[in-house]
Amino acid sequence: MNTTDISAKPDLANAKANVILGAQWGDEGKGKLVDILAHDVDVDARCAGGNNAGHTIVVEDFPTADGPKKQKFDFHLLPSGLVNEKCVGLIGNGVVVHVPSFFDELQQLINKGLNCADRLFISDRAQLVFDFHQTVDGLKEVELGGSSIGTTKKGIGPAYSSKASRSGLRIHHLYDDDFEHKFRKIVEGRFKRYGHFEYDTEAEIRRYKELANRLRPHIVDGVAFIHNAFKSNKKVLVEGANALMLDIDFGTYPFVTSSSTSIGGVCTGLGIPPGRVGEVYGVVKAYTTRVGGGPFPSEQLNDVGVHLQEVGAEYGVTTGRRRRTGWLDLVVMQYSNVINGYTQINITKLDVLDQLKEVKIAVAYYLNGKKLDSFPADLKLLENVQVEYATLSGWESDISKCRTWFDLPENARKYIEFIEQYLGVPVTSIGVGPGRSDMVLKEK
């Protein structure tokens with residue numbers, strides 16, 4: 001694929017990028033849908049976030065020297081579409097990249113038999129995350145004290161802060177003659193802000209000179225790369241990280257990530273215009289979870305919450321932290337939908353609700369007896385809302401073997417239909433287990 005001449009071929013107006021976005025607070029299971037759709041795409045691109053993301057792919061029949069076997073792959077920074085051996089991965093300019101983690105994750109995939117090094121690329125405009133960013137990330141959490149955001153301490157926030165203040169370094173800066181001078185300057189700036197902490201600046205410079213040589217084959221002009229894909233009529237998939245409710249603008253600020261996780265972040269994180277966006281898949285867990293601090297109106301601090309945690313194995317891929325759990329919140333989903341404009345919805349982990357006699361869905365918020373028109377920006381208001389629930393009968397049966405819409409029990413179908421009617425968006429796929437094949441497909 002030509003990565004430099006964006007006028008190499010006539011433009012094809014029908015070439016679009018389909019997009020997968022988290023619609024709640026993250027951890028919805030986006031990786032599984034990426035894995036399924038990536039089998040029919042040429043490029044899978046990341047547009048935001050860093051190695052604070054966590055996507056798990058379970059391949060039932062991955063080829064090995066001993067024959068096909070079940071294999072699990074954990075992705076953090078790299079695009080999870082790489083599981084498809086014909087798919088090229090692109091880390092876009094909106095992503096912040098910790099280079100040592102990039103190579104560590106790549107090596108872990110190679111060790112499991114996934115040879116993808118020659119089809120993995122990074123935009124030269126992507127921002128760098130250094131080890132001192134990770135140190136500062138931990139110091140910021142200490143500084144916040146009781147208002148701790150619950151960051152992954154991967155240095156993501158400080159790296160985006162450096163980017164916004166125009167004091168950071170990008171991938172292409174690794175090859176500048178004055179890289180050493182620039183690096184020393186930004187480290188000194190961090191010392192001034194947080195005091196002197198243990199950090200070997202000169203050793204880090206030496207390490208990054210070595211890493212830069214290893215990284216060179218992976219670097220491309222990301223804008224040229226993605227537009228050449230369009231011009232060559234390649235099928236492009238964009239893999240979102242985190243989710244709408246963690247968006248720096250639209251999420252439950254300040255309990256958010258530091259990037260634009262919305263559809264807008266797709267355009268700015270890859271350099272593509274809105275007209276190039278095709279289908280927008282909103283990935284929604286059949287209940288709601290979140291990691292870290294912040295209001296959570298439908299949270300269940302009871303037996304239901306424990307059931308969702310244990311049966312749903314709600315522990316973070318990146319952090320290992322137990323996730324907070326609650327009923328599906330359609331107030332959140334409606335807010336998420338008006339911002340991102342979902343054309344299809346993927347419901348995940350519906351099977352986690354199998355054993356429940358009844359299931360509830362949050363349908364409205366009230367404050368002092370008055371129904372709120374939208375999801376509030378003020379977290380003090382959000383902490384005090386009263387939640388109205390719709391109660392539906394459970395199906396109390398194992399749906400893990402279901403593969404078609406009418407295989408699902410009637411009450412499970414009613415649950416899905418309730419979501420569709422409330423949001424006005426079709427649910428086209430429903431996860432009923434962790435495996436690649438554990439999916440019910442439903443026509444749009």
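Sequential numbering from 1 along the given sequence is applied to the chain's residues.
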Would a distance-only check, ignoring hydrogens and angles, find a side-chain to backbone donor-acceptor pair under 3.5 Å from [X] to [Y]?
X	Y	result
S336	A23	yes
T343	V280	yes
E279	N18	no
T348	E28	yes
Y415	I361	no
E314	T325	no
N340	Y342	no
K209	E180	no
N411	G394	yes
D178	H181	no

Side chains of [X] and [Y], heavy atoms from C-beta outward: is any pair under 4.5 Å?
X	Y	result
L90	V220	yes
L381	Y365	no
V34	F75	no
H98	Q134	yes
P273	H227	yes
L128	I171	yes
I430	L408	yes
F183	H173	no

Got a second to check how far [X]'s [atom1] is from [Y]'s [atom2], nearest 0.5 Å?
X	Y	atom1	atom2	result
I345	M333	CD1	CE	4.5 Å
R324	T288	CZ	OG1	11.5 Å
R184	I205	CZ	CD1	4.0 Å
D351	S397	CG	OG	11.5 Å
S259	D247	OG	CG	7.5 Å
I226	I272	CD1	CD1	6.5 Å

Closest heavy-atom pair and its distance - [X], [Y]:
X	Y	answer
L244	S262	CD2-CB, 3.8 Å
V432	K32	N-NZ, 4.5 Å
A38	L237	N-CD2, 4.2 Å
L82	L120	CD1-CD1, 3.9 Å
K16	F230	C-CE2, 3.8 Å
M245	V332	CG-CG1, 3.5 Å

For [X] and [Y], test the side chains for any donor-to-acceptor distance below 3.5 angstrom and give the result as yes or no.
X	Y	result
N111	Q107	yes
H76	S101	no
D66	T64	no
Q344	T428	yes

[X], [atom1]: over 12 other non-hydrogen atoms inside 6.0 angstrom:
X	atom1	answer
K182	NZ	yes
E85	CD	no
K442	NZ	yes
Y175	OH	yes

Worked verdict on E410 versus R413 for salt bridge (Lys or Arg N to Asp or Glu O under 4.0 Å)
CA-CA 5 Å; E410 181 182 4; R413 297 200 304 271; 5.4 Å; no

Determine, for [X] against [Y], whether the closest basic-nitrogen to carboxylate-oxygen distance falls under 4.0 angstrom.
X	Y	result
K285	D27	no
E299	R290	no
R403	D407	no
E210	R214	no

Return the orientation label for the F179 and F130 ring planes: parallel under 30°, perpendicular over 60°, tilted otherwise.
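F179 and F130: tilted rings.
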
Classify the ring geometry between F296 and W25 as parallel (under 30°), tilted (30 to 60°) or perpendicular (over 60°).
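If you compare the ring of F296 with that of W25, the planes turn out tilted.
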
Do R276 and V236 pass the side chain to side chain contact (heavy atoms under 4.5 Å, CB included) test, and can you show the C-alpha distance, the side-chain angles, and the key distance before you say yes or no?
CA-CA 10 Å; R276 285 294 188 188; V236 178; over 6 Å; no

Residue of the set L109, I122, L114 for which side chain to side chain contact (heavy atoms under 4.5 Å, CB included) holds with L78:
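So, applying the side chain to side chain contact (heavy atoms under 4.5 Å, CB included) to L78 and each of L109, I122, L114, only L109 qualifies.
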
Determine, step by step, whether I91 and H218 satisfy the side chain to side chain contact (heavy atoms under 4.5 Å, CB included) criterion, reporting the C-alpha distance in whole Å, the side-chain angles of both residues, the deciding distance to 0.1 Å, and the verdict.
CA-CA 10 Å; I91 297 174; H218 300 281; over 6 Å; no

Which is it for W395 and D354 under the side chain to side chain contact (heavy atoms under 4.5 Å, CB included) test, yes or no, and what are the steps along the way?
CA-CA 6 Å; W395 42 96; D354 282 355; 2.8 Å; yes

In sequence, state the C-alpha distance, the side-chain angles, and the governing distance for I20 and E239, and then conclude on side chain to side chain contact (heavy atoms under 4.5 Å, CB included).
CA-CA 5 Å; I20 296 175; E239 176 182 355; 5.7 Å; no

